[in-house]
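Before any comments, here is the structure.
In this chain, numbering begins with 1 at the start of the sequence shown.
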Amino acid sequence: MNQRRHDPERIFDLDLVRCTENAALAAWKYFGKGDKNQADYAASDAIRGMFSLIDCQGLVRIGEGRKDDAPGIFTDEKLGAWQEGAIPAAIALDPIDGTTLTAKGLPGAISVLAVATCKSPDDDPRKLFPSIPSHYMEKFAVGQAVTESDVRVQLDAPLETNLSIVAGQLHKRVRDLVVVVLDRPRHDEIIKNLREIGCRVRLISDGDVAAAIAPSLPDSGVDAYVGIGGSPEAVIAAAAIKCLGGQQFCRIWPKDEQERNRLLTEENCSEADLNKVWNVNDMAPGDNLIFAATGISDSPMLRGINYRDSHCVTHSILMRARNRTVRHIEAYHDLKLKTVRLHSTGEEISL
């Protein structure tokens with residue numbers, strides 16, 4: 001009982017890796033086959049199935065599917081065994097960050113989730129990961145070396161100023177920086193500015209979570225992430241970035257006047273809410289945080305699934321905020337024996 005109160009996330013942290021492993025393996029069946037919804041459904045089914053074996057009372061605070069009507073796991077859904085006395089926890093997840101990448105057989109897809117455990121059984125998990133009311137947010141993400149600088153990057157500062165700070169802390173020239181941006185028309189001006197500044201721009205078609213985390217990962221080859229991406233993805237990435245000691249600044253970005261009006265009326269947002277700059281502590285409060293991810297296809301964050309003789313090999317990462325512990329897990333799954341538990345049937349199926 002004392003262990004539960006002191007360090008409850010240790011009870012099931014490795015099981016969370018099994019969740020993302022199973023989701024990645026389930027999605028891999030549809031890798032390159034052109035149907036992103038089928039891949040998303042398979043990954044979601046596998047995560048639900050594995051969570052049914054985990055001793056927690058999990059409440060989904062950040063799900064997916066809201067902005068694109070894809071099949072998935074949604075906000076306020078319950079995951080876990082929900083036995084009496086089990087640990088209450090808030091869950092933020094994306095069964096596939098990069099569904100289009102998976103459908104097209106492209107690099108950069110991962111399965112990812114974050115869990116924040118409550119300190120007391122009476123605590124409300126709804127007070128942990130916030131549910132951002134907008135579809136998109138402005139983002140600027142950097143690693144630990146930049147975060148610890150006396151001169152801080154700011155979301156409202158000119159891009160050239162922020163990149164000069166990043167370069168100074170990383171002991172690089174600005175022209176040697178690598179900045180990741182989602183390849184979207186809304187970023188045309190940002191991309192133009194980056195190229196005028198002279199740094200290197202790495203454009204990605206999808207994979208917002210992994211891209212935001214990359215500057216905080218050693219040897220990722222990425223120095224900063226800039227642009228406008230999904231709000232749910234911002235919260236998931238914040239949990240990982242906090243575990244790594246980095247920083248991410250975000251602000252609500254209404255995609256048009258209609259959404260802006262909806263936020264002000266239906267969501268009861270004020271102008272101050274729309275202008276608020278969020279950081280990782282706002283999005284992922286406390287230290288009882290666990291982050292887990294498994295690569296589906298190769299990315300700067302994780303290697304993707306591959307096959308070696310009679311085994312399927314997965315590469316995962318497991319992080320905890322309390323001590324900033326980062327574990328890289330390479331798992332070999334014997335294809336003659338490996339099964340994935342599905343929620344839809346309650347059965348274990350072979351790969």
Side-chain angles (χ1 to χ4, degrees), residues 10-56 58 64 70-73 79-81 83 91 93-115 207 209-210 290-319 326-351:
R10 280 187 176 173
I11 295 172
F12 52 73
D13 53 359
L14 286 174
D15 283 331
L16 299 181
V17 174
R18 294 184 178 97
C19 287
T20 58
E21 281 179 351
N22 285 2
L25 290 167
W28 182 254
K29 288 185 176 182
Y30 303 96
F31 187 75
K33 295 185 178 180
D35 191 338
K36 68 176 186 178
N37 284 347
Q38 188 62 52
D40 212 17
Y41 174 80
S44 299
D45 197 12
I47 282 186
R48 286 191 182 98
M50 184 62 213
F51 255 108
S52 68
L53 304 176
I54 298 177
D55 187 22
C56 74
E64 52 90 43
I73 298 173
L79 296 178
Q83 300 286 341
I91 299 168
L93 82 173
D94 195 343
I96 305 177
D97 176 42
T99 50
T100 300
L101 300 175
T102 301
K104 293 183 177 181
L106 295 172
I110 62 173
S111 177
V112 59
L113 65 84
V115 170
V209 174
I290 317 167
F291 176 90
T294 300
I296 299 171
S297 54
D298 290 348
S299 73
M301 182 175 173
L302 287 164
R303 292 175 62 187
I305 292 172
N306 62 81
Y307 286 80
R308 299 180 191 172
D309 299 324
S310 62
H311 289 78
C312 177
V313 185
T314 56
H315 300 269
S316 304
I317 192 168
L318 175 65
M319 299 188 276
V326 180
R327 290 181 171 90
H328 289 273
I329 301 169
E330 182 178 79
Y332 288 71
H333 310 273
D334 191 320
L335 294 173
K336 295 190 289 290
L337 301 173
K338 174 66 179 180
T339 60
V340 172
R341 184 181 180 85
L342 300 183
H343 176 266
S344 58
T345 63
E347 298 177 349
E348 301 275 345
I349 64 162
S350 300
L351 289 179

Evaluate Leu79 against Arg48 for side chain to side chain contact (heavy atoms under 4.5 Å, CB included), listing each step before the verdict. CA-CA 7 Å; Leu79 296 178; Arg48 286 191 182 98; 3.9 Å; yes

Starting at OG1 of Thr294, measure out to CD1 of Ile305 and round the result to the nearest 0.5 Å. 8.0 Å

Mind checking whether Leu16 and Phe51 have side chains closer than 4.5 Å, heavy atoms only? yes

Between Asp40 and Pro95, is any pair of side-chain heavy atoms under 4.5 Å apart? yes

Would you compute the distance between atom CG of Asp15 and atom CZ of Arg18 and round it to the nearest 0.5 angstrom? 5.0 Å

Compile the donor-acceptor pairs under 3.5 Å between side chains in residues 22-34 and protein atoms, sequence neighbours left out, one pair per line.
{"from": "Asn22", "atom 1": "OD1", "to": "Lys338", "atom 2": "NZ", "distance (Å)": "3.4"}
{"from": "Lys33", "atom 1": "NZ", "to": "Lys29", "atom 2": "O", "distance (Å)": "3.0"}

Output all residues satisfying side-chain contact (heavy atoms from CB on, under 4.5 Å) with Asp35, sequence neighbours left out; order by chain, then residue number. Asn37, Gln38

Ile329 side chain near Leu14 side chain, heavy-atom distance below 4.5 Å: yes

Between Ser52 and His343: side-chain donor-acceptor atoms closer than 3.5 Å: no

With a 4.5 Å cut-off on side-chain heavy atoms, are Lys36 and Thr102 touching? no

Any side-chain heavy atom of His315 within less than 4.5 Å of one from Asn306? yes

Drop me the distance from Ser299's OG to Leu106's CG, to the nearest 0.5 angstrom. 13.0 Å

Within this structure, what is the CG-OG1 distance for the pair Asp94 and Thr99, rounded to the nearest 0.5 Å? 7.5 Å

